[in-house]
Amino acid sequence: MKQALIEKVKAGDEHAFRVLVETYRNLVFHSVYAVLRNQKDAEDATQEVFLKIYLSLPQYENQGFKTWLTRIAVNHAIDMRRKAYRQR
């Protein structure tokens, strides 16, 4: 099921991507919120993470999707924190 969904997204199926977002939205949100500790920043980061995932999906090679997704989310949140710290 999950693999078929990923293949559909890779093929450009927008509905499949919406299903993917709905399925993993909470996982991504909680991952970035754990780093950022701010509701609005975590919501923004979640949207940005799904954009990154959409753009990176062609390079995804069927290795633990949730782990891959979470790693992208956490790295993005860490980058956001670093950027905010530097701007202060």
Side-chain angles (χ1 to χ4, degrees):
M1 151 61 189
K2 178 176 58 177
Q3 196 56 41
L5 183 65
I6 292 167
E7 292 305 319
K8 286 181 181 178
V9 174
K10 283 183 177 183
D13 185 334
E14 290 180 24
H15 176 70
F17 184 67
R18 269 187 245 118
V19 171
L20 188 91
V21 170
E22 287 298 317
T23 304
Y24 294 102
R25 183 178 55 201
N26 287 336
L27 173 71
V28 171
F29 176 80
H30 290 295
S31 298
V32 297
Y33 185 82
V35 175
L36 299 173
R37 294 283 175 207
N38 178 296
Q39 174 94 20
K40 182 165 180 355
D41 289 346
E43 290 169 359
D44 291 344
T46 299
Q47 286 188 337
E48 292 166 7
V49 165
F50 278 109
L51 177 62
K52 281 187 172 188
I53 288 164
Y54 185 78
L55 296 173
S56 301
L57 212 48
Q59 288 83 41
Y60 172 72
E61 295 176 359
N62 305 331
Q63 76 279 9
F65 186 73
K66 282 170 79 172
T67 304
W68 180 75
L69 187 83
T70 305
R71 178 74 358 230
I72 291 173
V74 169
N75 286 344
H76 183 72
I78 291 169
D79 290 345
M80 284 181 68
R81 252 178 87 184
R82 282 187 192 132
K83 184 177 177 183
Y85 182 76
R86 277 189 240 121
Q87 288 176 346
R88 275 191 235 142

[X]-[Y] co-clustered via ILVMFWY side chain contacts under 4.5 Å:
| X | Y | answer |
| --- | --- | --- |
| Leu27 | Phe17 | yes |
| Val28 | Ile6 | yes |
| Ile72 | Leu57 | yes |

Could you report the tightest heavy-atom contact between [X] and [Y], atom names first, then the distance?
| X | Y | value |
| --- | --- | --- |
| Ala42 | Val32 | O-CG2, 3.5 Å |
| Asp41 | Met80 | O-CE, 4.0 Å |
| Thr70 | Ser31 | CG2-OG, 3.6 Å |

Looking only at the side chains, is there a donor atom on one of Glu43 and Gln47 sitting less than 3.5 Å from an acceptor on the other?
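The answer is no; no qualifying pair exists.
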
Taking atom [atom1] of [X] as the centre, does the number of heavy atoms from other residues, nucleotides or ligands within less than 6.0 Å exceed 12?
| X | atom1 | value |
| --- | --- | --- |
| Glu14 | CD | no |
| Tyr60 | OH | yes |
| Lys8 | NZ | no |

When you measure from the side chain of Glu7 to the backbone of Leu5, do you find a donor-acceptor pair of N or O atoms at a distance under 3.5 Å?
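Looks like no, no N/O pair under 3.5 Å.
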
Give me the ring orientation class for Phe65 and Trp68: parallel if the planes are under 30° apart, tilted from 30 to 60°, perpendicular past 60°.
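Ring orientation of Phe65 relative to Trp68: tilted.
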
Would you mind reporting whether Asp13 and Val9 have side-chain heavy atoms less than 4.5 Å apart?
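Not touching, per the 4.5 Å side-chain cut-off.
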
Output yes when Lys83 and Asp79 qualify as a salt bridge under the 4.0 Å nitrogen-oxygen rule, no when they do not.
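Answer for the salt bridge query: no.
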
Between Phe50 and Tyr24, does the ring centroid distance fall short of 6.0 Å?
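Aromatic pair excluded; centres sit 6.0 Å or further apart.
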
Exactly one of Val49, Ile53, Val35 should register a side-chain contact (heavy atoms from CB on, under 4.5 Å) with His76. Which one does?
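Running side-chain contact (heavy atoms from CB on, under 4.5 Å) over Val49, Ile53, Val35 with His76 returns exactly one hit, Val49.
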
Out of curiosity, Arg82 CZ to Gln87 CD, how far, rounded to the nearest 0.5 Å?
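Interatomic distance, Arg82 CZ to Gln87 CD, rounded to 0.5 Å: 14.5 Å.
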
Any chance you could measure Arg25, atom CZ, to His30, atom NE2, to the nearest 0.5 Å?
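The NE2 atom of His30 is 10.0 Å from CZ of Arg25, to the nearest 0.5 Å.
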
